[in-house]
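Positions are given from 1 along the sequence.
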Amino acid sequence: MEGRNQSGISEFMLLGLSEDPEQQRLLFFLFLFMYLITGLGNLLIMMAIISDPHLHTPMYFFLSNLSLVDICFTSTTIPKMLNNHIFKNRTIPFAGCLTQVFFFIWFAGIDSILLTAMAYDRYVAICAPLHYSTVMTPRVCALLVLVSWSWACANSLTHTVLLTRLSFCGHNEIPHFFCDLSPLLKLACSDMFINDLMVYTVGALTTILPFIGILISYAHIFMAVMKISSVSGKQKVFSTCGSHLTVVCLFYGTIIGVYFSPTSTHTAQQDTAATVMYTVVTPMLNPFIYSLRNKDMKGALRMLITRKLRFILGV
């Protein structure tokens, strides 16, 4: 990517989340803590799934991929923010900004499609249990993951390339802690018709369409649950879907609020707060959401940690 756009701006200024020095220090340690928890939590989820043969199922295959993407997702934005705080340098080169936009949109898109694949997995398991092993084969699961990475990459590349055709007329301050598509488009002073069109078409295919797929899957699941006569049976089904639904609400609720609502209805501060939710908070909470109410996952994590402790202590 070129290091300069049509208007000649070579860098942007990331204003961050606060101008107050005390708040900046607090935010630095808070984001550092959340980043470490996100990395450690998702890494433990991946290691537990890989090490336990009982978890080698489609649901946990998708979960391990989601954990990997969440680590990459947070690594796209938080390290740069922490670096800016340590070295007191808020600038980011134009090429670096486009690179950050590309990877941010890419990993967000993968998250979106993976959550849909997990919803489809739950739909098949609950609504067509006798056909589960023939429908959710390893080949199908691998294909779904491959599609999520490929389609999200194409979507991200489209938005990033279109940014290079825009002009930025002198004003280069981004009221955010990383380069995001929405604030960048607000800084542009050239015609953005094509960019906006791609956000509401190609972008929607990566966000709204998967969300609709999740809603359809859970509509069928809900109807299947209503046919179950026993209360314990209904609770068992809802317990297997509750974690996924929680993550879906956190992820899609904030994304749709930021990118698919009129800009006049919310401020830059509200956009930033919502973005922090799905870029930092949700990836950090995912390991807890998926493990605290899951007996198999808790058992695998317990065995993994026990083995590691015995290895360290030489027992």
K.L.:
Return the minimal non-hydrogen interatomic distance between T38 and D70, and the atom names on each side.
P.N.:
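Looking at all heavy atoms of both residues, the shortest contact is CG2-O, 4.4 Å.
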
K.L.:
Just how far is it from atom CE of M284 to atom CD1 of I78, taken to the nearest 0.5 Å?
P.N.:
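One gets 9.5 Å once the value is rounded to the nearest 0.5 Å.
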
K.L.:
List the atom pairs, with distances to 0.1 Å, where a side-chain N or O of residues 122-147 and a protein N or O form a donor-acceptor pair under 3.5 Å, not counting sequence neighbours.
P.N.:
unit_1 : atom_1 : unit_2 : atom_2 : d
Y132   : OH     : D121   : OD1    : 2.4
T134   : OG1    : H131   : O      : 2.8
T137   : OG1    : V140   : N      : 3.2

K.L.:
Say you draw a straight line from OH of Y200 to CD1 of I208; how long is it, rounded to the nearest 0.5 Å?
P.N.:
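If we round to the nearest 0.5 Å, Y200:OH and I208:CD1 are 10.0 Å apart.
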
K.L.:
Let me confirm one number: the OG-CG distance from S64 to L55, rounded to the nearest 0.5 Å.
P.N.:
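Going from the OG atom of S64 to the CG atom of L55 covers 10.0 Å.
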
K.L.:
Just to verify, what does N84 make a side-chain hydrogen bond (donor to acceptor under 3.5 Å, both in side chains) with, not counting sequence neighbours?
P.N.:
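Only K80 meet the side-chain hydrogen bond (donor to acceptor under 3.5 Å, both in side chains) criterion with N84.
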
K.L.:
Show your reasoning for whether side chain to side chain contact (heavy atoms under 4.5 Å, CB included) applies to L181 and T160.
P.N.:
CA-CA 8 Å; L181 181 62; T160 308; over 6 Å; no

K.L.:
Tell me every residue that passes ring pair (Phe, Tyr, Trp, His ring centres under 6.0 Å) with W151, counting only those two or more places apart in sequence or in another chain.
P.N.:
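In terms of ring pair (Phe, Tyr, Trp, His ring centres under 6.0 Å), with neighbours along the sequence ignored, W151 is linked to no residue.
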
K.L.:
For Y120, enumerate each residue passing the side-chain hydrogen bond (donor to acceptor under 3.5 Å, both in side chains) test, keeping only those at least two apart in sequence or located in another chain.
P.N.:
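Counting only residues at least two positions away or on another chain, Y120 forms no side-chain hydrogen bond (donor to acceptor under 3.5 Å, both in side chains).
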
K.L.:
When you compare the side chain of H244 with that of Y218, does any pair of heavy atoms fall below 4.5 Å?
P.N.:
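Side-chain contact under 4.5 Å: yes.
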
K.L.:
Look at the side-chain heavy atoms of Ile, Leu, Val, Met, Phe, Trp and Tyr, link any pair under 4.5 Å apart, and say whether I305 and M303 land in one connected group.
P.N.:
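I305 and M303: separate clusters.
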
K.L.:
With sequence neighbours left out, what residues match S112 under side-chain hydrogen bond (donor to acceptor under 3.5 Å, both in side chains)?
P.N.:
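Scan of S112 (side-chain hydrogen bond (donor to acceptor under 3.5 Å, both in side chains), adjacent residues dropped) gives Y252.
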
K.L.:
If we only count heavy atoms from C-beta on, is the C179 to L98 side-chain gap below 4.5 Å?
P.N.:
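C179 does not reach L98 side chain to side chain.
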
K.L.:
So do the side chains of F28 and Q24 get within less than 4.5 Å of each other, counting heavy atoms only?
P.N.:
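In short, these two side chains do not touch, never coming nearer than 4.5 Å.
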
K.L.:
Go through the structure and list residues passing side chain to side chain contact (heavy atoms under 4.5 Å, CB included) with F29, not counting sequence neighbours.
P.N.:
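With sequence neighbours excluded, F29 shows a side chain to side chain contact (heavy atoms under 4.5 Å, CB included) to no residue whatsoever.
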
K.L.:
Which pair of heavy atoms, one from P79 and one from T74, lies closest together, and at what distance?
P.N.:
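Minimum heavy-atom separation between P79 and T74: CD-O, 3.5 Å.
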
K.L.:
Who are the side chain to side chain contact (heavy atoms under 4.5 Å, CB included) partners of I216, not counting sequence neighbours?
P.N.:
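I216 satisfies side chain to side chain contact (heavy atoms under 4.5 Å, CB included) with I212, H220 once adjacent residues are dropped.
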
K.L.:
Using the rule that Ile, Leu, Val, Met, Phe, Trp and Tyr join whenever any side-chain heavy atoms are under 4.5 Å apart, tell me whether F94 and L187 fall into a single cluster.
P.N.:
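Yes: a chain of side-chain contacts under 4.5 Å links F94 to L187.
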
K.L.:
Once rounded to the nearest 0.5 Å, what's the spacing between atom CZ of F31 and atom CE of M81?
P.N.:
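F31 atom CZ to M81 atom CE measures 4.5 Å (nearest 0.5 Å).
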
K.L.:
Does any non-hydrogen side-chain atom of L250 lie less than 4.5 Å from one of Y278?
P.N.:
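A side-chain contact under 4.5 Å is absent here.
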
K.L.:
Verify the cluster assignment for I49 and V69: are they in a single hydrophobic cluster under the rule of side-chain heavy atoms below 4.5 Å apart?
P.N.:
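Per the 4.5 Å side-chain linkage, I49 and V69 are co-clustered.
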
K.L.:
Do the non-hydrogen side-chain atoms of Q100 and T76 ever get within less than 4.5 Å of each other?
P.N.:
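In contact.
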
K.L.:
Any salt bridge (charged side-chain N to carboxylate O under 4.0 Å, His left out) pairs touching residues 14-42, not counting sequence neighbours?
P.N.:
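Non-adjacent pairs meeting salt bridge (charged side-chain N to carboxylate O under 4.0 Å, His left out): E19-R90, E22-R25.
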
K.L.:
Quick check: closest heavy atoms across L304 and A48, and the distance to 0.1 Å?
P.N.:
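Between these two residues, the closest heavy atoms are CD2-N, 3.6 Å.
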
K.L.:
How would you list, by chain and number, every residue that makes a side-chain hydrogen bond (donor to acceptor under 3.5 Å, both in side chains) with Q23, sequence neighbours excluded?
P.N.:
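Residues passing side-chain hydrogen bond (donor to acceptor under 3.5 Å, both in side chains) with Q23: S18.
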
K.L.:
What do you reckon, is CZ of R307 surrounded by more than 12 foreign heavy atoms closer than 6.0 Å?
P.N.:
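Result for CZ/R307: enclosed.
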
K.L.:
Nearest 0.5 angstrom please: L17 CG to L27 CG, how far?
P.N.:
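One gets 5.5 Å once the value is rounded to the nearest 0.5 Å.
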
K.L.:
Quick one, M46 and I71 - any side-chain contact, counting heavy atoms below 4.5 Å?
P.N.:
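SC-SC contact between M46 and I71 confirmed.
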
K.L.:
Just do the side chain to side chain contact (heavy atoms under 4.5 Å, CB included) check on C97 and L14 with the steps written out, would you?
P.N.:
CA-CA 10 Å; C97 193; L14 297 172; 5.8 Å; no

K.L.:
Is W106 reaching over with its side chain to a backbone N or O of S150, donor-acceptor style, under 3.5 angstrom?
P.N.:
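The answer is no, because no donor-acceptor pair under 3.5 Å joins these two groups.
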
K.L.:
Please report the closest heavy-atom contact between G109 and T206, naming both atoms and the distance.
P.N.:
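Here G109 and T206 meet closest at CA-CG2, 3.6 Å.
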
K.L.:
Please report the interatomic distance SG(C72) to CD1(I110), rounded to the nearest 0.5 Å.
P.N.:
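C72 SG to I110 CD1: 8.0 Å, rounded to 0.5 Å.
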
K.L.:
Side chain to side chain contact (heavy atoms under 4.5 Å, CB included) between Y290 and L66: does it pass, once the steps are laid out?
P.N.:
CA-CA 11 Å; Y290 280 109; L66 185 68; 4.1 Å; yes

K.L.:
Tell me whether T164 contacts the main-chain N or O of V161 through its side chain, where contact means a donor paired with an acceptor under 3.5 Å.
P.N.:
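Flag set: sc T164 to bb V161 pair under 3.5 Å.
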
K.L.:
Would you say the side-chain atoms of S156 pair up with the backbone N or O of A152, donor to acceptor, closer than 3.5 Å?
P.N.:
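Judged by distance alone, no pair lies under 3.5 Å.
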
K.L.:
List, by chain and then residue number, the residues other than L15 in its hydrophobic cluster (Ile/Leu/Val/Met/Phe/Trp/Tyr, side-chain heavy atoms under 4.5 Å); write none if there are no others.
P.N.:
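Its cluster mates, by chain and number, are M13.
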
K.L.:
Are I37 and L26 linked, directly or through other ILVMFWY residues, by side chains that come within less than 4.5 angstrom of each other?
P.N.:
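No, I37 does not connect to L26 through the hydrophobic network.
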
K.L.:
Take the angle between the ring planes of H176 and F178 and call it parallel below 30°, perpendicular above 60°, tilted in between.
P.N.:
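If you compare the ring of H176 with that of F178, the planes turn out tilted.
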
K.L.:
Check the hydrophobic clustering (I, L, V, M, F, W, Y; side-chain heavy atoms under 4.5 Å; chains of links allowed) and say if L209 and L115 are grouped together.
P.N.:
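L209 does not cluster with L115.
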
K.L.:
Taking side chain as C-beta onward, heavy atoms only, is L185 less than 4.5 Å from L166?
P.N.:
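Answer yes - side chains close enough.
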
K.L.:
Locate the shortest heavy-atom distance separating A119 from I214; write the atom from each residue and the value.
P.N.:
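Taking A119 first and I214 second, the nearest heavy atoms are CB-CG1, 3.9 Å.
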
K.L.:
Report the C-alpha separation of F107 and S75 in whole Å, then their side-chain angles, then the decisive distance to 0.1 Å, and conclude whether the side chain to side chain contact (heavy atoms under 4.5 Å, CB included) test is met.
P.N.:
CA-CA 10 Å; F107 292 128; S75 297; over 6 Å; no

K.L.:
Would you tabulate the side-chain donor-acceptor contacts of residues 188-195 under 3.5 Å, counting partners in other chains and residues two or more places apart, or write 'none'?
P.N.:
unit_1 : atom_1 : unit_2 : atom_2 : d
S190   : OG     : S167   : N      : 3.0
D191   : OD1    : F193   : N      : 3.3
N195   : OD1    : R165   : NH1    : 2.8
N195   : ND2    : L162   : O      : 3.3

K.L.:
Looking only at side chains, do D180 and S182 share a donor and an acceptor under 3.5 Å apart?
P.N.:
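No.
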
K.L.:
For the residue pair F177 and T279, establish whether any side-chain heavy-atom pair is separated by less than 4.5 Å.
P.N.:
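With C-beta onward as the side chain, the pair touches.
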
K.L.:
With ring-ring contact (aromatic ring centres under 6.0 Å, His included) as the rule and sequence neighbours excluded, what pairs involving residues 33-77 come up?
P.N.:
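Sorted pair list: F73-F104.
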
K.L.:
So if I apply the side-chain contact (heavy atoms from CB on, under 4.5 Å) rule between M47 and each of L43, I45, I50, which one comes out positive?
P.N.:
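Single side-chain contact (heavy atoms from CB on, under 4.5 Å) partner of M47 among L43, I45, I50: L43.
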
K.L.:
For a quick test of reading the model, state the closest non-hydrogen atom pair linking L205 to P210 and the distance between them.
P.N.:
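The answer is O-CD, 3.2 Å.
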
